Amino acid sequence: MQATLSEQEVIRREKLAELKAMGIDPYPAPLYNITHTAQQIKQGYSEETKDEYKEISIAGRIMSRRDMGKANFAVLQDETGTIQIYIKRDEICPGEDKSLFDTVWKRLLDLGDIIGIKGYGFITKTGETSVHVQSFTVMSKALRPLPSVKEKDGEVFNEVTDLEFKYRQRYADLIVNPGVRDTFTRITKMKNAIRSFLNERGGLEVDTPVLQSIPGGALARPFITHHNALDIPLYLRIANELYLKRLIVGGFPWVYEFSRNFRNEGMDRTHNPEFTILEFYVAYKDYLWMMETTEQMLEETAIATNGVSTSVIDGVEIDFKAPYKRISIYDAIKEHTGFDISNMDEAGLREVCKSLNIQVDGTMGKGKLVDEIFGGKCEKHYVQPTFIIDYPVEMSPLTKKHREKEGLVERFELIINGKEIANAYSELNDPIDQRERFEEQLKNMERGDDEAMFIDNDFLRALEYGMPPTAGIGIGIERLAMLLTGNVSIQDVLFFPQMRPENVA
RNA sequence: GGUUCUGUAGCUCAGCUGGUAGAGCAAAUGACUCUUAAUCAUUGGGUCCAGGGUUCGAAUCCCUGCGGAACCA
């Protein structure tokens with residue numbers, strides 16, 4: 001099904017046919033030998049080094065053109081940036097036949113087309129490092145016009161701001177909007193820095209199942225699918241925690257995975273149905289050790305990503321420099337609501353919620369109520385990185401009981417800019433206690449909590465073989481990426497955020 | 001799920017209290033051998049998201065649907 005073409009698309013198809021008629025393949029097969037990138041030439045070229053730039057070739061997309069009749073300037077964009085090129089008719093076409101310049105270059109090539117050029121470096125009268133073209137090769141004809149974004153002195157004109165366009169056609173967004181590529185390359189730097197940090201300390205990167213028959217390790221609603229050959233339901237993972245712990249049982253001292261998780265829940269600026277959590281588990285450590293490791297890792301990661309330990313988001317400067325403040329969740333609630341809930345039962349918590357105007361329902365247990373109070377009244381106050389520690393046992397079914405404090409577990413969450421970035425604990429390795437916690441969850445499920453955990457008997461079997469004391473953490477990679485790149489929407493740190501399907505003609 | 005905002009040329013946008021569409025960039029044609037948001041002249045380009053309704057007449061007002069965004073739950 002082909003929709004009616006716009007005027008410009010028709011013209012480009014006609015040009016394509018004309019190129020072919022002239023014997024020029026608009027989509028040639030042979031590899032093109034590229035000697036330099038735009039950035040290498042801009043940074044490396046000078047009066048002293050000019051001899052090294054006598055025979056160079058670059059390739060890229062034509063982004064703008066300035067036509068002076070028998071001489072043209074154009075801007076070529078490659079993966080490193082843009083560079084100006086200069087092309088003269090009588091050099092390209094020394095003989096009588098001027099068609100290569102007049103017809104092919106000036107008329108049949110458009111903004112967006114990909115070409116390769118051979119030539120030499122030089123500096124224009126106005127001081128811009130450029131490439132003087134001696135020959136060019138058509139490498140890909142663009143049939144669809146790009147949005148015409150322009151830029152001068154860092155100021156962008158006619159920038160594509162339509163979010164729907166940006167998210168649905170990220171390929172065009174990347175070509176046309178300066179800064180988008182940078183955001184994503186910084187995110188990759190961020191992930192590489194995390195990998196280096198973990199690898200240097202003995203971490204082993206592993207892969208565990210995405211398709212799981214019991215969706216465990218977190219409290220969330222899963223996507224469900226069906227395996228035809230086995231005729232069983234399977235779930236896309238909501239977490240990989242229970243599999244990484246099985247590997248700790250198996251004897252690996254430190255495992256990690258960038259886990260793509262899937263949660264069948266609402267979408268907003270901080271939630272996409274598919275997202276990434278870095279989880280890592282380290283044997284013979286506890287949550288206190290994990291706090292120190294986390295703050296070191298984030299400081300190093302911030303510096304690797306941005307060059308400094310700070311980042312600005314929404315006008316607020318965040319400093320990732322270690323160490324981070326620590327406060328217990330009960331103290332945090334006391335500080336921001338005035339209520340001391342440390343010894344309260346469920347009924348007392350419901351009273352507190354009522355007086356704080358927090359909506360609750362009958363399915364919520366004690367843990368969920370504490371979570372609502374903290375989430376509603378406290379979380380937003382923690383802008384600089386802060387560890388919230390020592391959670392009540394009811395909201396943490398996989399966490400070891402606190403070494404000293406009755407009713408609490410050894411758990412922390414890291415809050416930055418008012419949002420949860422990481423969640424970690426001293427892992428529960430007592431198989432009998434773990435079975436009881438799962439049974440508690442089953443009660444919540446019967447009560448109507450559709451996010452409660454299933455019992456995973458195979459995981460319990462693994463624990464029964466003995467798991468060493470272990471510290472584990474999950475870090476929200478998109479949320480960290482948002483903080484480090486200064487983006488407030490998760491859609492701006494995912495190449496292809498989830499959208500309602502459109503009808504593309 | 002609720003409330004609000006939003007959808008006009010390839011892109012960015014204008015279009016008043018209703019009289020069937022405009023600008024800049026991009027495109028076409030022409031001029032110009034160091035321009036840089038190049039410049040100058042001329043020209044073309046629209047299912048005004050879709051479907052209903054009100055009206056002599058709807059891009060504009062009303063309703064429904066579809067897409068997008070923000071806030072709330």
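Excluded from the calculations below are hydrogen atoms, water molecules and symmetry mates; all remaining heavy atoms, backbone and side chain alike, are included. Here is the naming used below: chain letters follow the sequence lines, and residue numbers restart at 1 for every chain. Note that the structure is a prediction, hence the values are computed from the model and not measured.
Distances shown here put every side-chain N or O of A:K125 at or beyond 4.0 Å from the OP1 or OP2 atom of B:rC34. Proximity of A:R168 to the phosphate of B:rG67: no side-chain N or O atom is located under 4.0 Å from OP1 or OP2. Phosphate proximity of B:rG67 to A:R500: present, with a side-chain N or O under 4.0 Å from OP1 or OP2. Close to B:rA69, at under 4.0 Å from its OP1 or OP2, lies a side-chain N or O of A:Q491. Between A:R66 and B:rA38 there is a side-chain N or O to OP1 or OP2 distance below 4.0 Å. At the phosphate of B:rG24, neither OP1 nor OP2 sits under 4.0 Å from any side-chain N or O atom of A:S148. OP1 or OP2 of B:rA38 has at least one side-chain nitrogen or oxygen of A:K150 nearer than 4.0 Å.
Ring planes of A:H336 and A:H381: parallel class, angle under 30° (limits at 30 and 60°). Taking the six-membered ring where the residue is Trp, A:F262 and A:F223 present perpendicular rings, their angle passing 60° and hence far from 30°.
Rounding to whole angstrom units, CG of residue A:D162 and C1' of B:rC25 are separated by 17 Å. The CG-P distance, from A:D268 to B:rA70, rounds to 8 Å in whole Å. We find that CG of A:N72 is positioned 15 Å from P of B:rU39, with the value rounded to whole Å. For A:D67 and B:rA26, the CG to P distance is 12 Å, given to the nearest whole Å. Rounded to whole Å, the distance from CD1 on A:I123 to P on B:rU35 is 16 Å. In this structure, A:R65 places its CZ atom 16 Å from C1' of B:rC25, rounding to the nearest Å. Look at CD1 on A:I490: it is 18 Å from C1' on B:rG68, rounded to the nearest Å. In this structure, the CZ atom of A:F73 is 4 Å from the C1' atom of B:rC34, given to the nearest Å.
Residue-level contact check: A:R12 touches neither bases nor backbone, having no heavy atom under 4.0 Å from any strand. Among the atoms of the strands shown, only primed sugar atoms or phosphate atoms (P, OP1, OP2) are found under 4.0 Å from some heavy atom of A:K15. A:R107 comes within 4.0 angstrom of sugar-phosphate atoms only, judged by non-hydrogen atoms across all strands, and of no base.
Between the side chains of A:T399 and A:R411, no donor-acceptor pair of N or O atoms lies under 3.5 Å. Using a 3.5 Å distance cut-off with no hydrogens or angles, the side chains of A:E9 and A:S6 do pair a donor with an acceptor.
Remark: B:rA28 base-pairs with B:rU42; criterion is Watson-Crick or G-U wobble with both hydrogen-bond distances under 3.5 Å. Searching all strands for a Watson-Crick or G-U wobble partner of B:rU4 with both distances below 3.5 Å returns B:rA69.
Both A:V160 and A:E128 lie close to RNA chain B; mapped to their nearest nucleotides by heavy-atom distance, the more 5′-ward contact belongs to A:V160.
For A:E478 and A:R260, the salt-bridge test passes: some basic side-chain N is under 4.0 Å from an acidic carboxylate O.
No more than 12 heavy atoms of other residues, nucleotides or ligands lie within 6.0 Å of NZ in A:K189, so this atom counts as exposed by the packing criterion.
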